[in-house]
Amino acid sequence: MKSKRILGLKTGLLILFSVSLALVSCKGESKPHGGHWSYEGETGPEKWGELSTDFEACKIGENQSPIDITGASAADLPALQLNYNPTNYEIVNNGHTIQVNLKDAGKLVIGEDSYSLLQFHFHHPSEEAVDGERFPLVAHFVHKADDGELAVIGLLFSEGDKNALLSSVFANMPGEAKATVDGEGTLNPSEILGSELGYYTFTGSLTTPPCSEGVRWIVLKSPTTVGGEQLAAFKKLFPMNARPIQPLNDREIKVSK
Ligand SMILES: [Zn+2]
């Protein structure tokens, strides 16, 4: 009986010791874990590339996003075909933005290429600038092809009329990080993007860690609007969630004619 209790105590201490070691090693060597990043301070954009070996592209990548869209060359680009469906959705506060996850939302087709629409999310101010000017808000519509290639459509917002198509999103954004709420009714991504589908295009990366490259970027030329109260509600949750502008390097920006 007695020896059992001692064994129990020893085992307990051993477990406690191992847990402390694990905590210490976690604190001292955060790189392999690559967890926490933010938009300012010690874990801000200038440091992303050092927070994890998985985040190296943030530091050494040469085709990073966002960029300042300027000096685009006019080109005969294929039209964007928005083969989307009205869809159920959920609104997630992931700690970095509000993300709207879509279910069976349909596809974006560009020429021979086809991508499924997965989600959209917001940045304030807009991450991409046009001729040096950022907009108050952008939505990034994230698509994925069967081979894994990502295509993102950027929809810029000027402050103006309330955005009626997104009113249920702006009215129901969860305040707590990691919280999710089911959307009311359905959303129609085609309506949200609108009918003016002229666009800029270039190659780039994810704008958040791990900053992976090979992303096909499409930014619509025509902005839509967001109401002052809608913008204020987003800013209250995320006062600034835009990565700084990255160098263009050898990339070319094209714009549809
Ligand atoms: Zn984004």
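Please read these numbers as outputs of a predicted model, since none were measured by experiment.
For Q119, the side-chain hydrogen bond (donor to acceptor under 3.5 Å, both in side chains) partners are H121, not counting sequence neighbours. Not a single ring pair (Phe, Tyr, Trp, His ring centres under 6.0 Å) links F135 to another residue, sequence neighbours left out. In terms of the ring pair (Phe, Tyr, Trp, His ring centres under 6.0 Å) criterion, residue partners of Y84 (sequence neighbours excluded) are, by chain and number, H143. With sequence neighbours left out, the salt bridge (charged side-chain N to carboxylate O under 4.0 Å, His left out) criterion links K59 to E50. Residues satisfying the side-chain hydrogen bond (donor to acceptor under 3.5 Å, both in side chains) test with D113, not counting sequence neighbours, are R216. Among residues two or more places apart in sequence or in another chain, the salt bridge (charged side-chain N to carboxylate O under 4.0 Å, His left out) test is passed with D76 by K257. Residues meeting the side-chain hydrogen bond (donor to acceptor under 3.5 Å, both in side chains) test with Y199, sequence neighbours left out: none. Listed by chain and number, the residues in a side-chain hydrogen bond (donor to acceptor under 3.5 Å, both in side chains) with S73 are E252 (sequence neighbours excluded).
Between the side chain of K221 and the main chain of S256, a donor-acceptor pair closer than 3.5 Å is present. Within the 3.5 Å criterion, the main-chain N or O of P125 finds no donor-acceptor partner in the side chain of R134. A distance-only check finds a donor-acceptor pair linking the side chain of H123 to the backbone of N241 [under 3.5 Å]. Panel note: side chain R251, backbone P247; a donor-acceptor pair is recorded below 3.5 Å. The backbone N or O of E62 lies less than 3.5 Å from a partner atom in the side chain of N249, making a donor-acceptor pair. Without hydrogens or angle criteria, N85 side chain to T87 main chain gives no donor-acceptor distance under 3.5 Å. One N or O on the side chain of W48 and one on the backbone of T43 form a donor-acceptor pair closer than 3.5 Å. The backbone N or O of T207 lies less than 3.5 Å from no partner atom in the side chain of S205, so there is not a single donor-acceptor pair.
Within the structure, disulfide (SG to SG under 2.5 Å) contacts touching residues 174-252 (residues at least two apart or in different chains) are C58-C211. Residue pairs meeting the side-chain hydrogen bond (donor to acceptor under 3.5 Å, both in side chains) criterion with at least one member in residues 101-111, sequence neighbours excluded: E90-N101, Q99-N101, K107-S116.
V142 and V169 fall into different hydrophobic clusters, where Ile, Leu, Val, Met, Phe, Trp and Tyr residues are linked whenever their side-chain heavy atoms come under 4.5 Å apart, directly or through other members. In the hydrophobic cluster analysis, where Ile, Leu, Val, Met, Phe, Trp and Tyr join through side-chain heavy atoms closer than 4.5 angstrom, V100 is grouped apart from V92. With hydrophobic clusters built from ILVMFWY side chains whose heavy atoms lie under 4.5 angstrom apart, V130 shares a cluster with I67. Cluster annotation: F170 is connected to Y89 through the hydrophobic network of ILVMFWY side chains, with a link wherever side-chain heavy atoms come within less than 4.5 Å. With hydrophobic clusters built from ILVMFWY side chains whose heavy atoms lie under 4.5 angstrom apart, F120 shares a cluster with I98.
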Discussion item. Is there a side-chain contact (heavy atoms from CB on, under 4.5 Å) between T203 and V215? Walk through the geometry before answering.
Written reply: CA-CA 6 Å; T203 57; V215 177; over 6 Å; no

Item to complete: Give the C-alpha distance, both sets of side-chain angles, the deciding distance and a yes or no for side-chain contact (heavy atoms from CB on, under 4.5 Å) between L248 and F202.
Response: CA-CA 10 Å; L248 185 64; F202 42 89; 5.7 Å; no

Practice prompt. With side-chain contact (heavy atoms from CB on, under 4.5 Å) as the test, would you mind laying out the steps for Y115 and I110 before giving the verdict?
Written response: CA-CA 9 Å; Y115 305 85; I110 318 171; 4.1 Å; yes

Worksheet item: Between I69 and D131, does a side-chain contact (heavy atoms from CB on, under 4.5 Å) hold up when you go through it step by step?
Response: CA-CA 6 Å; I69 299 169; D131 292 327; over 6 Å; no

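Closest non-hydrogen pair, S222 versus E196, comes out as OG-OE1, 3.0 Å. Across all non-hydrogen atoms, the minimal contact from P244 to E46 is CG-OE2, 3.9 Å. Here the closest non-hydrogen pair linking L206 and P210 is CD1-CD, 4.1 Å.
Between W37 and Y39, the two ring planes are perpendicular [angle over 60°; tilted spans 30° to 60°].
Looking only at side-chain heavy atoms (C-beta outward), T201 and I253 stay at 4.5 Å or farther from each other. When side chains are defined from C-beta on, S38 does not count as touching H96, because their heavy atoms never get closer than 4.5 Å. L237 places none of its side-chain heavy atoms less than 4.5 Å from the side chain of T97. Residues F141 and L118 fail the side-chain proximity criterion, which asks for heavy atoms closer than 4.5 Å. Side-chain contact between K254 and L77 is present, with heavy atoms from C-beta onward closer than 4.5 Å. The closest side-chain heavy-atom distance from E149 to K144 is not below 4.5 Å. The side-chain heavy atoms of L108 and N83, taken from C-beta on, include no pair separated by under 4.5 Å. Side chains of H124 and F234 form a contact here, defined as non-hydrogen atoms less than 4.5 Å apart.
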Counting only pairs under 3.5 Å, give me each side-chain donor-acceptor contact of residues 150-166, with atom names and distances, residues two or more places apart or in other chains.
{"from": "N163", "atom 1": "OD1", "to": "L165", "atom 2": "N", "distance (Å)": "3.2"}
{"from": "N163", "atom 1": "OD1", "to": "L166", "atom 2": "N", "distance (Å)": "3.2"}
{"from": "N163", "atom 1": "ND2", "to": "T225", "atom 2": "O", "distance (Å)": "3.0"}

What donor-acceptor contacts under 3.5 angstrom involve side-chain atoms of residues 173-190, with partners at least two apart or in another chain?
{"from": "N188", "atom 1": "OD1", "to": "S190", "atom 2": "N", "distance (Å)": "3.1"}

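At a cut-off of 3.5 Å, with distance as the only test, a side-chain donor of W217 or S65 sits close to an acceptor on the other residue. Side-chain atoms of E128 and H140 form a donor-acceptor pair, as typed in the model, at a separation below 3.5 Å.
Residue Q81 places its CD atom among more than 12 non-hydrogen atoms of other residues, nucleotides or ligands, all under 6.0 Å distant.
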